J.: 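Please read through the structure below; I'll follow up with questions.
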Amino acid sequence: MTIAVYLPAASSTQNWCQMLGDLMPDWDIRAFDQIEDPASVTYAVVWRPRVGDLARFPNLKAIVSIGAGIDHVLLDTEVPRHVPVIRTVGTDLTQLMKEYVALHTLRMHRNLPQMQANQAASKWDAIVVPPAPERRVGVMGLGNLGAASAQLLAQIGFQTVGWSRSPKEIGGITTYAGMAGLPDFLAGTEVLVCLLPLTDSTRGILDANVFNQLQRGASIINAARGPHLVDSDLLAALESGQVSHATLDVFHIEPLPVDHPFWSHPKITITPHVASMIDAPTGSKIIARNLRLFDQTGSVPDLADVARGY
Ligand code: NAP
Ligand code: GLV
């Protein structure tokens, strides 16, 4: 039984093979490019696999996404849809996302980008902001990451609202569900955090229609996936003042091309897909545990719903 590993960087693939190998010495773990007998591969551990690669393995029992999202696996239309996909999630990853969301929400709330611009111009301007309980923040997606981040925002004191596909009850948070609940969720929201999975229903959701329903001057934080955002609509909303600032961790093309207008935009903060990235030492422990459990029982709690797309 072989576990095939693929990440776009060969050095990362080697690193993950090494880490998984140390934790699973009884398994044959090797990079995709070193597989001699594709029929021997029963599990694949991947981040952004190349289209067609997974279909080479006729005896796959499961695919492990090196991440919470499975969109990068489903981009490969040749992947047989009956093969289960296991997400990689855990408390360390949730903690990292909570930190990212709290950091950037507070940064927007306290108007830090304007303070930094003022400092660059040696300008003393005491900007007064309301306390958090007078600020409404909204989290799109109330799964592992969204619910935990929303709860932290509520603990800080923000008026916190959340939006998901199915109705939710989360202490301290006002929740809305489905497209019918979207207008009420957006109305009055001053900081909008996107933690949705990328699916056919959520692609392009951060568009002019959504921006126009927010409080004028709202901020956007997208830590989910680049294609949630309509880039041109964001640029127009920043220009008009409907949106005052955007913090973006994820992009249509990563790395973000050097000539992309976002890089030099004064109202955009860029982070290079680091909000909650899995490192090999942490991720390999979670994956080794999941693979052993799946191999013994045929299931794990972190199974994605492939038909649903997340
Ligand atoms: P999750 O547990 O699967 O939760 C997804 C949430 O989104 C659920 O609450 C779901 O609603 C909601 N949702 C899905 N489709 C929807 C729709 N059409 N309308 C409204 N709500 C919808 O996902 P997660 O683990 O929290 O991760 C979320 C995403 O974050 C991942 O898919 C990934 O793209 C991204 N991510 C980014 C980073 C980074 O470093 N930037 C790191 C990790 C993850 P229900 O609860 O009703 O199903
Ligand atoms: C990272 O983007 C993930 O999906 O975990």
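As the structure is a prediction and not an experimental result, all values here were calculated from the model. Every number for a ligand or one of its atoms is a count from 1 in the order of the listing.
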J.: Going by the angle between their ring planes, with limits at 30° and 60°, are Tyr6 and Phe32 parallel, tilted or perpendicular?
T.: tilted
J.: Give, for atom CG of Asp295 and atom CG of Leu293, the distance between the pair rounded to the nearest 0.5 Å.
T.: 9.5 Å
J.: Please state which option from Thr175, Leu145, Val250 has its nearest heavy atom closest to atom 26 (O) of ligand 1.
T.: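 The residue whose heavy atom sits nearest atom 26 (O) of ligand 1 is Leu145.
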J.: Enumerate the atoms of ligand 1 whose separation from the nearest heavy atom of Ser201 is less than 4.0 angstrom.
T.: 18 (N)
J.: For atom 5 (O) of ligand 2, what is the closest protein heavy atom, and at what distance to 0.1 Å?
T.: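 I find the closest protein heavy atom is Ala68 N, 2.7 Å.
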J.: Just to confirm my output: which protein heavy-atom neighbour is closest to atom 33 (C) of ligand 1, and how far is it?
T.: Arg225 NH1, 3.5 Å
J.: Taking both backbone and side-chain atoms of Leu142, is any N or O found less than 3.5 Å from an N or O belonging to ligand 1?
T.: yes
J.: Taking a cutoff of less than 4.0 Å between a non-hydrogen atom of the residue and any ligand atom, is Met97 in contact with ligand 1?
T.: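 True for this residue.
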J.: Taking atom types as modelled and ignoring hydrogens, do the side chains of Glu99 and Gln95 form a donor-acceptor contact shorter than 3.5 angstrom?
T.: yes
J.: For residues Arg136 and Thr189, is any side-chain donor paired with an opposing acceptor at under 3.5 Å?
T.: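 Side chains of Arg136 and Thr189: pair found under 3.5 Å.
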J.: Does Lys168 have a non-hydrogen atom less than 4.0 Å from ligand 1?
T.: yes
J.: Would you say the side-chain atoms of His104 and Asp249 include a donor-acceptor pair closer than 3.5 Å?
T.: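 No donor-acceptor contact under 3.5 Å links the two side chains.
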J.: Does ligand 1 have an atom that lies less than 4.0 angstrom from a heavy atom of Thr199?
T.: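 Outside the 4.0 Å threshold, so no.
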J.: Would Phe57 and Tyr43 count as a close aromatic pair, with their ring centres under 6.0 Å?
T.: no
J.: For a quick check under 3.5 Å, do Arg135 and Gln215 share a side-chain donor-acceptor pair by atom type?
T.: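 Arg135 vs Gln215: no donor-acceptor pair found between side chains.
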J.: Measure the distance from atom 4 (O) of ligand 2 to every protein heavy atom, then report the residue, atom name and distance (to 0.1 Å) of the closest one.
T.: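 Nearest protein contact, heavy atoms only, for atom 4 (O) of ligand 2 is Arg225 NH2, 2.7 Å.
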J.: Heavy atoms only, cut-off 4.0 Å: how does Arg165 contact ligand 1, side chain, backbone, both, or neither?
T.: both
J.: Taking the side chain from Asp207 and the backbone from Val230, do they hold a donor-acceptor pair closer than 3.5 Å?
T.: no
J.: When you compare the side chains of Thr271 and Tyr100, does any donor N or O come within less than 3.5 Å of an acceptor on the partner?
T.: yes
J.: Which atoms of ligand 1 sit under 4.0 Å from any heavy atom of Ala223?
T.: 36 (N), 37 (C), 38 (C), 39 (C), 41 (N)
J.: Could you find the nearest protein heavy atom to atom 1 (C) of ligand 2 and give me its residue, atom name and distance?
T.: His273 NE2, 3.6 Å
J.: Going by the order shown, which atoms of ligand 1 are within less than 4.0 Å of some heavy atom of His273?
T.: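 Result: 39 (C), 40 (O), 41 (N).
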J.: Could you tell me whether ligand 2 has any atom less than 4.0 Å away from a heavy atom of Arg87?
T.: no
J.: Return yes if a side-chain donor-acceptor contact under 3.5 Å exists between Thr282 and Asp279, otherwise no.
T.: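 Thr282 vs Asp279: donor-acceptor pair found between side chains.
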J.: Could you name the option among Tyr100, Tyr310, Tyr176, Phe185 that has the heavy atom nearest to atom 10 (C) of ligand 1?
T.: Tyr310
J.: Just to confirm my output: which protein heavy-atom neighbour is closest to atom 13 (N) of ligand 1, and how far is it?
T.: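 For this ligand atom, the closest protein heavy atom is Leu196 CD2, 3.8 Å.
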J.: Write out the residue and atom name of the closest protein heavy atom to atom 2 (O) of ligand 1, then the distance separating them to 0.1 Å.
T.: Asn144 N, 3.0 Å
J.: A quick test of your reading: do over 12 heavy atoms of other residues, nucleotides or ligands sit less than 6.0 Å from CG of Asp200?
T.: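 Result for CG/Asp200: open.
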J.: Nearest to atom 25 (O) of ligand 1, what protein heavy atom do you find, and at what distance?
T.: Arg87 NH1, 3.1 Å
J.: Give the residue, atom name and distance (to 0.1 Å) of the protein heavy atom nearest atom 28 (C) of ligand 1.
T.: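 Looking at atom 28 (C) of ligand 1, the protein heavy atom closest to it is Leu195 O, 3.4 Å.
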J.: Can you confirm, on distance only, whether ligand 1 has an N/O atom lying under 3.5 Å from any N/O atom belonging to Val274?
T.: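 Looking only at distances, the answer is no, because the N/O contact criterion of under 3.5 Å is not met.
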J.: Please say which of Ile220, Thr247, Leu234 ends up in a side chain to side chain contact (heavy atoms under 4.5 Å, CB included) with Ile268.
T.: Leu234
J.: So which heavy atom in the protein is nearest atom 5 (C) of ligand 1, and how far is it from that ligand atom?
T.: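 Sorting protein heavy atoms by distance from atom 5 (C) of ligand 1 puts Pro197 CD, 3.6 Å first.
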J.: Does Ala224 have a heavy atom less than 4.0 Å from any atom of ligand 1?
T.: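 Ala224 counts as a contact of ligand 1 under the 4.0 Å cut-off.
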J.: Provide the number and element of each atom of ligand 1 under 4.0 Å from a heavy atom of Ser276.
T.: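 Those atoms are 39 (C), 40 (O), 42 (C).
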J.: Out of all atoms in ligand 1, which are within 4.0 Å of some heavy atom of Ala275? Include the element for each.
T.: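 This gives 39 (C), 40 (O), 41 (N) as the contact atoms.
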J.: Can you tell me if His72 has a non-hydrogen atom under 4.0 Å from ligand 2?
T.: no
